[in-house]
Amino acid sequence: MNFKQGNTGELLKEGTTHYEDNVTLKNIEAVKELAQITRTSMGPHGLNKMVINHLGKLIVTHDASTIMTELEVVHPAAKILALASRSMEQEMGDGSNLVLTLGAEFLIQAERLLKMGLHPSDIIQGYKKVCTFALSILDTFEVDRVDNVRDLNQIVKAMTAAVAAKQFGYTDLLCPIIAEACITVCPKNPLGFSTDNVRVVKIAGGSVYDTRVVKGFVLPRDTNGSIKHVKNAKIAVFGVNVDVSSTETKGVVELSSADELLTYNLSEEQQVEREIQALADAGINVVVSKGSFGDMALHYIERHKMMAVKVVSQFDLRRLCKAIGASAMVRIGAPTQEEMGSADSVDVEEIGSQKVIIFRQDNDEDTQISTVVVRGATDNILSEMERAIDDGVNVFKTLTKDARLVAGAGAFEAELSRQLTVYGEKITGLDQYAIRKYAESFMVIPKTLTETCGLNPTDVVSKLTVAHQNGKANWGVDLENIAGKDVVKAGILDLMATKKWAITLASDAATQILSVDLIIMARPAGVKAPQNPNANPGMSGKGDWDTD
C-alpha cells in the first residue's frame with residue numbers, strides 16, 4: 001500500500017517547501033559531508049581547520065566542538081548530528097568528534113543496506129538491538145581505574161590521551177599542571193568538583209613551557225593606586241562604584257553664598273572619609289570594586305595604605321568572591337566577618353609585559369580557585385592550549401564520577417567491533433545485516449587515526465583486525481609503526497564514560513535520521529510569500545484573504 005499518494009503541497013500554506021524523494025539517502029549524504037569536515041581532525045596528528053566566523057574572527061583549530069560552534073549548520077538532518085555532538089560536549093566536555101564520526105559511519109553503512117533493498121525499519125531495529133548489547137558488555141572492557149582522584153600520577157595517566165589529542169608533544173608539561181590545579185581545588189567530597197574552579201588566564205609572549213599553575217585567583221590588570229603588595233589581606237568587595245553616593249533622581253541644590261558652596265563640598269568629603277575610615281577600622285587593607293574609584297575615595301584609600309582593585313567583569317567578580325570567601329556588597333561601608341574575604345597575599349607581578357594581580361592562598365584547604373597562567377607566541381596557540389586544559393579538567397570531573405578506563409588508540413573500537421560481529425553471526429533474520437554493518441562502523445576510528453598520521457590505513461586496519469582475532473584485546477594503532485602495539489602497556493587510556501555516551505548519542509542520532517522519510521520546511525518568518533498570479537482580488541483588491 002502506498003501512503004504517499006496525492007500532492008502534499010496542496011495541503012500546506014503557500015511558501016512551505018517539502019521533500020519526499022529519496023529523503024533518507026539525501027540526509028545521509030548531508031551528514032557525510034558534515035562529518036568529513038571534522039573527521040580529519042581526530043587524534044594527536046589531526047589536521048587544523050581555518051574558520052572565519054560571522055564576525056570576521058579567524059579561528060585555527062582541530063577541536064570539533066569549536067568548529068561545530070562556529071559553523072552555522074542549516075540542513076535539518078546534519079543539524080541533528082551536530083546537536084548530538086553538542087550534547088556530548090555538555091555531558092563530557094570532550095568527544096564531539098567521536099560522536100560525529102561514529103554517527104556518520106553508522107549512516108554510511110546503513111546507506112549500503114538501503115541500496116541492497118533493506119527497509120529503514122529493519123535497519124533501525126537492528127541498530128537499537130546491537131546498541132543495547134554493546135552497552136551491556138561495556139564493563140568487560142575495563143583495563144584500569146583511578147582509585148584515588150588526589151593521586152597526581154594516576155590522574156596524569158588518565159588524562160594523557162585526552163590532552164595529547166589537542167596538544168601532542170606537550171603532555172608531559174600540561175598534564176601535571178592540570179592535575180595539580182584540579183587536585184588543589186577538589187573538595188572533600190570529589191563529586192562536588194566543579195570545572196569553574198579551575199581558571200585559565202592567557203598572556204601572550206614567552207614560551208609554552210612558561211605555563212604554570214597558581215593557587216588562587218589571577219586578574220590580568222594593574223591596581224588603581226600605588227599599593228602593589230599586601231600580606232595577610234583582609235578584602236572588601238563592592239558591586240558598586242566606590243565614590244560619592246548619588247541619588248537615582250535628579251535634584252537641584254541652590255547655593256546663595258561661597259560659604260555654602262565650601263560647606264557643601266566639605267560634607268561630601270567628610271562622607272567619603274567616614275566610609276573609608278570605617279573600612280580601615282574593620283581591618284580592611286584591600287578594596288575591590290566592580291565599578292570605578294572616585295578621585296576623593298582613592299585619595300583616602302591611599303592615605304590608609306589600602307590597595308584598590310577594579311574588576312570589570314561580573315563573572316570574574318563572582319569567581320574572585322569564591323576564591324577569597326567574600327560577598328559582594330551593594331553599599332559602601334564596613335563589611336561584617338561573613339562578608340569579608342581574606343588571602344595570604346595580594347601582589348602585582350609582571351608576566352612578560354602584562355601586569356597581573358595575584359590573590360594567593362598558600363593553604364590548600366583555603367584554596368577555592370586555582371588559575372593556570374598560559375603563555376604562548378600567538379592568540380591561536382593560547383586558545384588551543386586553553387582547549388586542551390579544558391579537556392583535561394573535564395577528564396578529572398568525569399573521573400570523580402566514573403573512574404573506569406579502557407584501551408585507547410583504537411584498541412577499544414577494534415575489540416568491540418570483533419565482539420559485535422560475533423554477536424551478529426548468532427542473530428537470525430534481517431537484523432543480522434544491520435548488526436554486522438554497525439560492528440563494522442567502529443573500525444572507522446583506527447582507520448581515521450592511521451590516515452591522520454600518514455600511514456597506510458588498509459595495512460594497519462588489517463593487521464589490527466588479525467591481532468584482535470588472535471586474542472590481543474589491547475592492541476591499538478601505533479603512530480610510527482603499522483604493526484601496532486599494546487596500548488595499555490604504553491599508557492594510552494580513554495575514559496569508559498566517554499565511549500558509553502558517544503555510542504549512545506551517535507546511535508540515537510543515526511536511528512532518528514534513518515526514520516525520516518519526509519522533510520517539511522515552513523516559510524521562514526519575515527520572508528514574503530510568492531504572489532499567486534491566479535489569485536482573485538475580491539472586494540479588498542489585495543488578493544486571497546488566506547494568503548494575506
Side-chain angles (χ1 to χ4, degrees), residues 63 92-94 146 148-167 169-204 206-220 313 315-316 318-325 343-347 349 351 354 356-376 381-401 403 493 495:
D63 180 54
M92 299 298 301
D94 191 16
V146 176
N148 182 10
V149 295
R150 290 182 172 83
D151 188 328
L152 184 67
N153 294 328
Q154 291 189 42
I155 297 299
V156 169
K157 179 178 67 175
M159 69 172 56
T160 296
V163 176
K166 295 292 188 297
Q167 288 293 324
Y170 290 117
T171 53
D172 293 339
L173 167 70
L174 289 180
C175 288
I177 290 176
I178 301 170
E180 180 186 353
C182 294
I183 294 172
T184 300
V185 297
C186 184
K188 294 181 179 179
N189 182 7
L191 293 176
F193 176 81
S194 174
T195 55
D196 290 337
N197 294 344
V198 179
R199 187 170 181 266
V200 178
V201 172
K202 299 179 290 185
I203 300 178
S207 167
V208 173
Y209 291 95
D210 296 330
T211 300
R212 59 191 176 98
V213 62
V214 176
K215 294 180 181 179
F217 184 87
V218 177
L219 187 66
S313 169
F315 183 67
D316 284 344
R318 288 199 299 267
R319 275 190 167 182
L320 175 59
C321 289
K322 185 172 184 179
I324 61 178
D344 292 328
S345 64
V346 181
D347 302 295
E349 296 184 5
I351 301 178
Q354 174 71 52
V356 298
I357 307 172
I358 302 178
F359 295 78
R360 280 193 175 87
Q361 300 283 13
D362 297 331
N363 190 352
D364 288 349
E365 295 182 358
D366 297 333
T367 305
Q368 298 294 324
I369 298 288
S370 60
T371 305
V372 180
V373 180
V374 180
R375 304 299 309 280
I381 291 177
L382 292 174
S383 297
E384 283 292 276
M385 294 286 288
E386 182 181 17
R387 296 184 188 105
I389 293 171
D390 287 341
D391 286 349
V393 174
N394 280 287
V395 167
F396 183 86
K397 181 181 179 180
T398 303
L399 290 173
T400 61
K401 300 175 181 178
L493 304 172
L495 300 177

Margin query: With rounding to the nearest 0.5 angstrom, report the CZ to CG distance, Arg319 to Leu219.
Written below: 12.0 Å

For residues 150-163, tabulate all N or O donor-acceptor pairs below 3.5 Å that involve a side-chain atom, not counting sequence neighbours.
from, atom 1, to, atom 2, distance (Å)
Arg150, NH2, Pro187, O, 2.2
Asp151, OD1, Asn153, N, 3.1
Asp151, OD2, Gln154, NE2, 3.2
Gln154, OE1, Asp147, N, 2.8
Lys157, NZ, Asp144, OD2, 2.7
Thr160, OG1, Val156, O, 2.5

Hey, can you pull the donor-acceptor pairs under 3.5 Å for the side chains in residues 169-182, sequence neighbours left out?
none

Item checked: Reported CZ-to-CD1 distance for the pair Arg212 and Ile351, which is rounded to 0.5 angstrom -> 4.5 Å

Item checked: Closest contact, heavy atoms only, Gln354 versus Pro220 -> NE2-O, 3.3 Å

Checklist line | Val374 and its side-chain contact (heavy atoms from CB on, under 4.5 Å) partner, picked from Ile203, Val201, Ile389, Val208 | finding: Ile389

Checklist line | Contacts of type ring pair (Phe, Tyr, Trp, His ring centres under 6.0 Å), residue Phe396, not counting sequence neighbours | finding: Phe193

Notebook entry, point to check: Between the side chain of Thr371 and the main-chain N/O of Gly216, is any donor-acceptor distance below 3.5 Å?
Noted result: yes

Item checked: Heavy-atom pair with the smallest gap, counting every atom of Met92 and Asn394 -> O-CB, 3.4 Å

Note to self: Please report the interatomic distance NZ(Lys166) to CE(Met385), rounded to the nearest 0.5 Å.
What the structure shows: 13.5 Å

Check: Mind checking what makes side-chain hydrogen bond (donor to acceptor under 3.5 Å, both in side chains) contact with Glu349, not counting sequence neighbours?
Finding: Arg360

Item checked: Under 3.5 Å donor-acceptor, Asp391 side chain and Ala388 backbone -> no

Notebook entry, point to check: side chain to side chain contact (heavy atoms under 4.5 Å, CB included) between Asp94 and Val395: does it pass, once the steps are laid out?
Noted result: CA-CA 8 Å; Asp94 191 16; Val395 167; 5.6 Å; no

Notebook entry, point to check: How would you list, by chain and number, every residue that makes a side-chain hydrogen bond (donor to acceptor under 3.5 Å, both in side chains) with Asp316, sequence neighbours excluded?
Noted result: Arg199

Check: With sequence neighbours left out, what residues match Asn197 under side-chain hydrogen bond (donor to acceptor under 3.5 Å, both in side chains)?
Finding: Lys322

Check: Residues two or more places apart in sequence or in another chain: which of them pass side-chain contact (heavy atoms from CB on, under 4.5 Å) with Lys188?
Finding: none

Item checked: Gap between atom CG of Asp63 and atom CD of Glu384 - 0.5 Å precision -> 7.0 Å

Margin query: Going by side-chain hydrogen bond (donor to acceptor under 3.5 Å, both in side chains), name the residues that satisfy it together with Ser345, two or more places apart in sequence or in a different chain.
Written below: Asp347

Note to self: I need the minimum non-hydrogen distance between Leu382 and Arg375, along with the two atoms involved.
What the structure shows: CD2-C, 3.4 Å

